[in-house]
There are 2 protein chains.
Amino acid sequence: MDKKNVTEPICAVDFAFRRIGGKYKGRILWYIFNHEVLRFGELKRYMDDITTKMLTQTLRELESDGLLHRKVYQEVPPKVEYTLTETSEKLIPFINQLREWGVAQMIKAKIPVRKH
Amino acid sequence: MDKKNVTEPICAVDFAFRRIGGKYKGRILWYIFNHEVLRFGELKRYMDDITTKMLTQTLRELESDGLLHRKVYQEVPPKVEYTLTETSEKLIPFINQLREWGVAQMIKAKIPVRKH
DNA sequence: CAGAATCCGGTTTGATACTG
DNA sequence: CAGTATCAAACCGGATTCTG
């Protein structure tokens, strides 16, 4: 997930999907949006199926793409808060619509829809 | 990209991203939408950076998820046409929104935006 | 608490050649 | 034309251990 952002995007759809098309990125943004701010450990609990390594890695990518703010509190025990940026806030309507589409599909397919 | 659709989705966002979050899926849907119907070879030319193997594989996944129609003409030389389904047509406004977000980001970052 | 570091298998993706 | 088949490389992602 490094070279992806180095090679020139073919088009804008390509560009966009490189930034949020990963396995966890959409959900991370969505969960943070819903709570306004989330700490590392909270986010990990919501994600439920992610390892610390992947979460760290994905958060760093989002941060370096300007889609997340990372605020470190210099205290013990450590505390780090993640919030959306102006740029990623603009993605929320898209994610939400996609989510609604997903809900509709899941109902049709009779897959239990869990809330978050 | 097989197990992805076997394990239970965590939530609707997860569900949706498994269906269109791959490296090429969004673009494939977008290009087909823009041309209404595309043949295998045409699509490959538009994608520009995909191998026949990946294109085949991705098309099959989209088809089995009910996001693409695949119409085979029994003639020589072979001819196969891909079109959107009702389900995937509902996704187009979102993909377009995402595309517009991408365009804005690319302009900001001074990355040349190519049309498709 | 919020990670960093390492090891390692599995999956994804790619190059190339071939076919009905 | 629309794919298959095969092999190899790259990347993803998980488990575990460790630390300021």
Side-chain angles (χ1 to χ4, degrees), chain A residues 1-10 14 17-28 31-32 35 37-64 68-83, chain B residues 1-7 9-10 14 17-28 31-32 35 37-65 68-83:
Chain A
M1 228 172 236
D2 256 344
K3 257 228 309 271
K4 277 192 186 173
N5 296 334
V6 185
T7 42
E8 285 264 297
I10 307 291
D14 185 31
F17 270 98
R18 288 190 199 189
R19 262 144 194 82
I20 64 153
K23 185 172 179 182
Y24 306 108
K25 288 183 174 179
R27 275 159 71 206
I28 289 177
Y31 296 163
I32 293 179
H35 296 84
V37 46
L38 278 180
R39 298 180 57 178
F40 185 90
E42 296 174 316
L43 190 50
K44 182 157 162 42
R45 274 191 293 284
Y46 287 119
M47 297 296 293
D48 178 53
D49 61 337
I50 198 172
T51 59
T52 61
K53 184 191 153 192
M54 283 313 299
L55 183 53
T56 304
Q57 190 180 309
T58 311
L59 287 170
R60 291 287 139 75
E61 284 175 22
L62 288 168
E63 193 193 354
S64 83
L68 279 186
H69 283 307
R70 179 167 178 272
K71 184 170 182 186
V72 182
Y73 292 83
Q74 288 300 349
E75 51 186 60
V76 181
K79 177 177 169 183
V80 180
E81 288 182 345
Y82 293 93
T83 49
Chain B
M1 227 174 238
D2 257 343
K3 262 233 303 277
K4 276 191 188 175
N5 296 334
V6 184
T7 43
I10 307 292
D14 186 30
F17 269 96
R18 289 190 199 190
R19 263 146 194 79
I20 64 154
K23 186 171 176 181
Y24 305 108
K25 289 183 173 179
R27 272 160 71 205
I28 289 178
Y31 295 163
I32 293 179
H35 296 84
V37 47
L38 278 180
R39 297 180 59 177
F40 185 90
E42 296 175 316
L43 189 50
K44 182 156 160 42
R45 272 190 294 285
Y46 287 120
M47 297 297 291
D48 178 55
D49 61 336
I50 198 172
T51 60
T52 62
K53 186 189 154 199
M54 281 313 298
L55 183 54
T56 304
Q57 190 179 309
T58 312
L59 287 170
R60 292 287 140 75
E61 285 175 23
L62 288 168
E63 193 193 354
S64 83
D65 283 341
L68 278 186
H69 283 308
R70 177 167 178 271
K71 184 170 181 186
V72 182
Y73 291 83
Q74 287 299 348
E75 51 186 60
V76 181
K79 177 176 168 183
V80 180
E81 290 182 343
Y82 293 92
T83 48

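Quick caveat, the model's predicted, so the values are computed rather than measured. A, B, ... follow the sequence lines: proteins, then strands. Residue 1 opens every chain.
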With sequence neighbours excluded, residues passing side-chain contact (heavy atoms from CB on, under 4.5 Å) with B/V72: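 Partners of B/V72 under the side-chain contact (heavy atoms from CB on, under 4.5 Å) test: B/R70, B/Q74, B/V80.
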Between [atom2] of [N] and [atom1] of [X], the distance in whole Å:
X	N	atom1	atom2	answer
A/E75	C/dC1	CD	P	13 Å
A/M47	D/dG13	CE	P	11 Å
A/R70	C/dC1	CZ	P	16 Å
A/K71	C/dA2	NZ	C1'	17 Å
B/E81	D/dG3	CD	C1'	16 Å
B/Q74	D/dG3	CD	P	11 Å
B/L55	D/dA2	CG	C1'	10 Å

Review item, side-chain donor-acceptor pairs of residues 38-47 of chain B, under 3.5 Å, at least two apart:
unit_1	atom_1	unit_2	atom_2	d
B/R39	NH2	B/P78	O	3.4
B/E42	OE1	B/R39	N	2.7
B/K44	NZ	B/I50	O	3.0
B/Y46	OH	B/H35	NE2	3.1

Touch class at under 4.0 angstrom, heavy-atom based, for A/Y82 against every strand present: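 Counting heavy atoms under 4.0 Å across all strands, the contact made by A/Y82 is with sugar-phosphate only.
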Does any part of the side chain of [Y], heavy atoms only, come nearer than 4.5 Å to the side chain of [X], both counted from C-beta?
X	Y	answer
A/K25	A/E61	yes
B/Y24	B/L55	no
A/R60	A/Q57	no

Hey, could you give me the [atom1]/[atom2] distance between [X] and [Y], rounded to the nearest 0.5 Å?
X	Y	atom1	atom2	answer
B/I28	B/I20	CD1	CD1	12.0 Å
B/R18	B/I10	CZ	CD1	6.5 Å
A/E75	A/Y73	CD	OH	8.0 Å

Near-strand residues of residues 37-45 of chain B, defined as heavy-atom separation under 4.0 angstrom from DNA chain D: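 The stretch gives B/R39, B/F40, B/G41 as the residues lying under 4.0 Å from the strand, ordered by number.
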Letter per nucleotide, 5' to 3', of nucleotides 14-20 of chain C [B base touched, S only sugar-phosphate touched, - untouched; heavy atoms, 4.0 Å]: BB----B
Side-chain N or O of A/R60 closer than 4.0 Å to phosphate OP1/OP2 of C/dG3: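 Yes, within the criterion.
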Partner set under salt bridge (charged side-chain N to carboxylate O under 4.0 Å, His left out) for B/D49, not counting sequence neighbours: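 So B/D49 forms a salt bridge (charged side-chain N to carboxylate O under 4.0 Å, His left out) with B/R27.
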